[in-house]
Amino acid sequence: MNKRIEEGYFSDDALNIAPKLIGNYLVRRFDDNTLFKSKITEVEVYRGEDDLACHASKGKTKRTKVMYDKGGKVYVYLIYGMYWLLNITTGKIDEPQAILIRGTEQISGPGRIGRELKLDASFYGENIYTSNRIWVEYGETPPLDKIITTPRIGIDYAGEFWANIPWRWLLKNDKTI
DNA sequence: ACAAAGATCCGT
DNA sequence: CGGATCTTTGTA
């Protein structure tokens, strides 16, 4: 049993948290009480209103408001009418940021994560510290040279600068890539 | 009120 | 490479 990540962990800047998150465990308890636990292997940062790939670039709306709250909330949204993408918000109040969980040891791809974890709109705003159905536990920090960064995936619309900024972290040689 | 596009995945 | 599928957002 690993230690659950405690209050305050996600109040730091997303760029500091993202690399630390690799190697930690994403945990989901389903309605039938079964547990799913898998090591996080791939994340992306979406950070601030200036970041044209971040939904907060549209300002504070019904959809983005959770990112303006204190870090440590679940931000889920439906993409392409089919897939619930899982983010964890970071930063202080009025610092709209989120970290997209793109992959774990057993699940490759953000859309598949939402499907396997049976996420839906009811998870919007869920407290990652206190929820009894989704949380994060400390894992083993991999060696620094095993973590690589690349530009984010699927955001060419955000313009050359934001599309190329290396805000994706992933485990090198991971089978799920 | 309507049209367009999207932080994806799957089958062809 | 195109279809699935529906919410959010921009424009009128």
Side-chain angles (χ1 to χ4, degrees), chain A residues 10 12-26 28 36 38-91 94-126 128 131 134-136 147-172 174-177:
Chain A
F10 292 100
D12 196 6
D13 192 290
L15 295 175
N16 296 329
I17 300 173
K20 285 199 305 180
L21 214 46
I22 303 287
N24 286 340
Y25 290 93
L26 176 64
R28 168 87 163 94
F36 175 88
S38 191
K39 190 178 288 190
I40 297 170
T41 57
E42 180 181 357
V43 299
E44 279 177 2
V45 163
Y46 291 85
R47 180 174 175 273
E49 294 184 344
D50 293 340
D51 176 4
L52 294 182
C54 180
H55 292 155
S57 63
K58 313 281 188 193
K60 193 172 186 174
T61 67
K62 185 178 177 187
R63 182 204 221 184
T64 66
K65 67 180 180 198
V66 71
M67 285 196 276
Y68 289 77
D69 207 343
K70 190 172 63 171
K73 301 277 171 44
V74 171
Y75 170 40
V76 289
Y77 69 94
L78 187 66
I79 188 66
Y80 299 113
M82 292 187 175
Y83 302 105
W84 289 97
L85 299 205
L86 171 64
N87 299 249
I88 301 171
T89 68
T90 60
D94 285 335
E95 290 177 347
Q97 311 178 345
I99 296 177
L100 170 68
I101 310 297
R102 281 193 66 88
T104 72
E105 231 166 24
Q106 297 161 55
I107 310 174
S108 175
R112 288 181 184 171
I113 292 203
R115 191 177 59 190
E116 295 298 315
L117 297 197
K118 297 180 164 56
L119 302 182
D120 58 47
S122 73
F123 282 82
Y124 185 91
E126 188 104 347
I128 201 75
S131 171
I134 189 166
W135 64 88
V136 184
I147 299 180
I148 59 177
T149 61
T150 80
R152 294 171 291 180
I153 305 298
I155 53 149
D156 286 348
Y157 63 86
E160 195 177 343
F161 178 81
W162 295 107
N164 288 321
I165 198 164
W167 282 0
R168 174 178 178 233
W169 283 259
L170 56 106
L171 262 187
K172 202 194 314 192
D174 189 84
K175 284 177 297 202
T176 64
I177 295 173

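Remember, predicted model here, so these are calculated numbers, not experimental data. Lettering follows sequence order; numbering is per chain, from 1.
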Would you find a donor on one side and an acceptor on the other, under 3.5 Å apart, between the side chain of [X] and the backbone of [Y]?
X: Ser57(A); Y: Glu49(A); answer: no
X: Thr149(A); Y: Pro166(A); answer: no
X: Tyr124(A); Y: Arg63(A); answer: yes
X: Ser131(A); Y: Ile128(A); answer: no
X: Gln106(A); Y: Ser38(A); answer: no

Contacts of type salt bridge (charged side-chain N to carboxylate O under 4.0 Å, His left out), residue Arg152(A), not counting sequence neighbours: Asp51(A)
Residues in salt bridge (charged side-chain N to carboxylate O under 4.0 Å, His left out) contact with Asp13(A), at least two apart in sequence or another chain: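 Once residues adjacent in sequence are excluded, the partners of Asp13(A) under the salt bridge (charged side-chain N to carboxylate O under 4.0 Å, His left out) criterion are Arg47(A).
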Euclidean distance for P, dC2(B) against dT5(C) (whole angstrom): 23 Å
No-hydrogen, no-angle side-chain donor-acceptor test under 3.5 Å, Thr90(A) and Gln97(A): yes
Inter-residue atom distance [X].[atom1] - [Y].[atom2], 0.5 Å rounding:
X: Leu171(A); Y: Lys39(A); atom1: CG; atom2: NZ; value: 7.5 Å
X: Tyr157(A); Y: Leu52(A); atom1: OH; atom2: CG; value: 9.0 Å
X: Ile134(A); Y: Glu126(A); atom1: CD1; atom2: CD; value: 7.5 Å

Residues within [range] bordering DNA chain B, heavy-atom distance below 4.0 Å:
range: residues 44-64 of chain A; value: Tyr46(A), Ala53(A), His55(A)
range: residues 75-91 of chain A; value: Tyr75(A), Tyr77(A), Ile79(A), Tyr80(A), Gly81(A), Tyr83(A), Leu85(A), Asn87(A)
range: residues 110-118 of chain A; value: Pro110(A), Gly111(A), Arg112(A), Arg115(A)

Listed by chain and number, what are the ring-ring contact (aromatic ring centres under 6.0 Å, His included) partners of [X], not counting sequence neighbours?
X: Trp169(A); result: none
X: Tyr77(A); result: His55(A), Tyr75(A)
X: Trp135(A); result: none

First-last contacting nucleotides on DNA chain C - partner chain A, under 4.0 angstrom, heavy atom: dA4(C) to dG10(C)
First-last contacting nucleotides on DNA chain B - partner chain A, under 4.0 angstrom, heavy atom: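 Nucleotide range with atoms under 4.0 Å of chain A: dG6(B) to dC10(B).
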Side chain to side chain contact (heavy atoms under 4.5 Å, CB included) partner of Ile99(A), the single match among Leu21(A), Asn87(A), Thr89(A): Leu21(A)
Contact list for DNA chain C against residues 159-167 of chain A - heavy-atom distance below 4.0 Å: none
side-chain contact (heavy atoms from CB on, under 4.5 Å) evaluation trace for Leu119(A) with Val74(A): CA-CA 11 Å; Leu119(A) 302 182; Val74(A) 171; over 6 Å; no
4.5 Å side-chain heavy-atom contact, Lys118(A) and Phe123(A):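 No; the side chains remain at least 4.5 Å from each other.
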Sugar-phosphate only, base, or nothing, as touched by Leu100(A) at under 4.0 Å among non-hydrogen atoms: base
Exercise: identify the closest heavy-atom pair between Ala18(A) and Val45(A): CB-CG2, 3.5 Å
For the student: nearest non-hydrogen atoms of Ala56(A) and Gly48(A), plus distance: CB-O, 4.4 Å
Lys70(A) atom NZ: more than 12 heavy-atom contacts under 6.0 Å: no
Canonical and wobble pairing (Watson-Crick, G-U, under 3.5 Å) of DNA chain C, dot-bracket with |: ||||.||||||.
